[in-house]
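Everything on this sheet refers to the single structure shown next.
Numbers here are sequence positions counted from 1.
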Amino acid sequence: MMVKKTKVAAVQAEPAWLDLQGGVKKVTSLIADAAAEGVDILGFPEVFIPGYPWFIFTRSVGENKPDIKKYMANSLTLDSPEMRTILAAVKSAGIYVVLGFSERDRGSLYMAQVFIDPTGTILHHRRKLKPTHVERSIWGDGQADSLKTTVPTPFGNVSALNCWEHLQPLLRYHTYAQNTQIHIAAWPPMFHWKEGGVLSYHETQEANYVASQFFAIEGQAFVVLASQVVSVEGAKILGIDHVEQMEVPGGGFSMIFGPDGRPMVKRIPAGQEGLVCAEIDLTDIDAAKNMADPCGHYSRPDLLSLVVKGKKSECVIYKE
């Protein structure tokens with residue numbers, strides 16, 4: 001039976017930069033904190049392990065080689081002792097968790113998310129379909145199995161996307177078609193807009209806050225926006241302490257939006273760590289859906305529809 005009242009939480013915290021073991025410790029600690037606060041569903045930022053490497057946008061490929069080598073070495077393998085430690089922590093906490101991490105699969109990296117249930121079981125594993133811009137110099141593409149963005153839980157249908165996947169209209173629509181009700185919007189640290197700064201407006205905190213809010217409005221879902229924080233020391237580790245626009249401590253912009261797009265909680269300062277929590281009622285979705293259901297009464301499939309190629313492509317196919 002579906003539970004109507006649910007407590008959700010968005011992480012706003014600093015990763016253990018380029019440190020797999022430290023990242024596992026930080027994740028398990030946040031999971032325990034969420035359980036102590038009575039959270040039912042906890043959402044983590046994009047690639048929280050081992051943190052988002054902003055230096056890929058501020059330095060050349062050659063300059064980044066040493067840090068990329070370290071980044072690969074500290075990315076998380078799906079079937080590993082580190083992941084089993086996280087799963088055990090989720091089981092101990094007895095909550096649902098959506099974790100964002102840099103996944104190492106042999107010699108390749110992917111921007112991954114896992115949906116974990118209160119028994120410590122991975123319900124679904126997906127990868128960002130198309131890493132953004134220079135991200136493609138590090139991470140590979142997700143395949144068709146990552147088109148599944150939503151899983152059923154007793155608290156409602158929970159979906160998740162990474163960062164600028166929220167700017168891909170067909171992927172958003174495909175997520176709405178899966179009847180998402182509680183959506184985890186996973187983001188890296190984002191910094192404020194500044195005229196003449198190194199970041200274009202659409203790369204800033206202001207723009208991506210709105211992108212998450214629009215998902216709530218367009219899809220009539222609760223949105224749990226999770227984000228990373230960068231401290232002064234963290235900026236030095238990342239080599240971005242010289243970038244004027246990347247003001248630290250900062251980067252955090254976590255929020256919870258209602259299914260009509262309204263902010264449901266007070267934002268905490270951009271440089272402060274914490275859990276952004278709210279109690280939600282799924283019946284609030286009904287009023288929003290009554291106004292505009294994009295995959296129901298407010299659609300025209302006789303005129304416009306989405307075609308999905310749902311079979312995963314393999315590098316090696318054996319034929320008899």
Side-chain angles (χ1 to χ4, degrees), residues 1-12 38-45 95-96 98 113 115 123-124 126 147-187 205-227 253-267 275-306 308:
M1 188 176 76
M2 191 175 294
V3 178
K4 292 181 180 178
K5 292 280 188 177
T6 303
K7 189 170 185 179
V8 298
V11 168
Q12 178 167 305
V39 170
D40 299 303
I41 300 172
L42 176 65
F44 278 87
I95 64 175
Y96 282 87
V98 178
Q113 293 170 305
F115 299 67
L123 298 176
H124 183 48
R126 71 176 300 272
L147 285 169
K148 178 183 176 182
T149 59
T150 309
V151 299
T153 79
F155 301 104
N157 297 329
V158 177
S159 64
L161 294 173
N162 273 314
C163 195
W164 268 19
E165 288 190 310
H166 294 89
L167 271 62
Q168 295 188 357
L170 301 184
L171 183 57
R172 287 201 316 270
Y173 192 78
H174 190 251
T175 301
Y176 305 150
Q178 294 170 61
N179 194 29
T180 178
Q181 295 171 299
I182 301 166
H183 178 71
I184 309 301
W187 292 89
Q205 190 175 118
E206 288 83 357
N208 295 302
Y209 179 92
V210 171
S212 302
Q213 186 177 35
F214 184 68
F215 187 102
I217 296 169
E218 187 178 50
Q220 300 87 48
F222 290 96
V223 171
V224 179
L225 190 173
S227 60
F253 61 114
S254 296
M255 175 51 65
I256 297 168
F257 298 104
D260 59 354
R262 71 187 185 282
M264 296 185 66
V265 295
K266 184 179 179 180
R267 289 177 67 174
L275 296 176
V276 176
C277 304
E279 187 175 81
I280 65 172
D281 185 341
L282 289 189
T283 62
D284 290 346
I285 293 175
D286 292 346
K289 287 288 188 188
N290 181 254
M291 291 289 292
D293 182 0
C295 298
H297 68 82
Y298 204 53
S299 65
R300 284 296 304 274
D302 54 323
L303 300 176
L304 296 168
S305 61
L306 174 63
V308 178

### Message
Looking at Lys289 and Asp284, would you say the former's side chain and the latter's main chain have a donor-acceptor pair under 3.5 Å?
### Response
no

Between the CD1 atom in Ile182 and the CZ atom in Phe155, the distance rounded to the nearest 0.5 Å is 8.5 Å

Distance col, row Asp260:CG vs Ile217:CD1, nearest 0.5 angstrom, shows 8.0 Å

Residue set satisfying side-chain contact (heavy atoms from CB on, under 4.5 Å) with Gln178, at least two apart, ordered chain then number -> Lys148, Thr149, Thr150, His174

By side-chain contact (heavy atoms from CB on, under 4.5 Å), Ala160 pairs with (sequence neighbours left out) Val98, Gln113, Phe115, Ile184

Asn157 and Gln181 have their tightest heavy-atom pair at N-OE1, 2.8 Å

Residues Pro45 and Ala186: closest non-hydrogen pair is C-CB, 3.7 Å

From the list Val223, Ile285, Thr175, Val151, side chain to side chain contact (heavy atoms under 4.5 Å, CB included) partner of Thr180 resolves to Thr175

side-chain contact (heavy atoms from CB on, under 4.5 Å) filter on Ala288, not counting sequence neighbours, yields Gln220, Pro259

Heavy-atom closest pair (Leu147 atom, Leu171 atom, distance to 0.1 Å) is CD2-CD1, 4.3 Å

Check your understanding: Going by the angle between their ring planes, with limits at 30° and 60°, are Phe253 and Tyr209 parallel, tilted or perpendicular?
Key -> tilted

Note: Ala216 and Phe257 closest approach over all heavy atoms is CB-CB, 3.9 Å

Here the gap from Asn208 atom CG to His166 atom NE2, rounded to the nearest 0.5 Å, amounts to 9.5 Å

*Just by modelled atom types, is the Lys7 backbone N or O under 3.5 Å from a matching donor or acceptor in the Asp40 side chain?*
yes

Smallest heavy-atom separation, Thr283 atom then Asp281 atom, equals OG1-OD1, 2.8 Å

Would you check if Ile41 and Val224 make a side-chain contact, meaning some heavy-atom pair closer than 4.5 Å?
-> no

- Query: Is there a donor-acceptor pair under 3.5 Å between the side chain of Thr6 and the backbone N or O of Ile280?
  - Reply: no

d(Tyr176 OH, Leu306 CG) to nearest 0.5 Å is 12.5 Å

In terms of heavy-atom contacts, His183 and Leu161 come closest through CE1-N, 3.4 Å

For Gln12, is there any backbone N or O sitting under 3.5 Å from a side-chain donor or acceptor partner on Ser227? no

Taken to the nearest 0.5 Å, the spacing of Met264 CE from Met255 CE works out to 10.5 Å

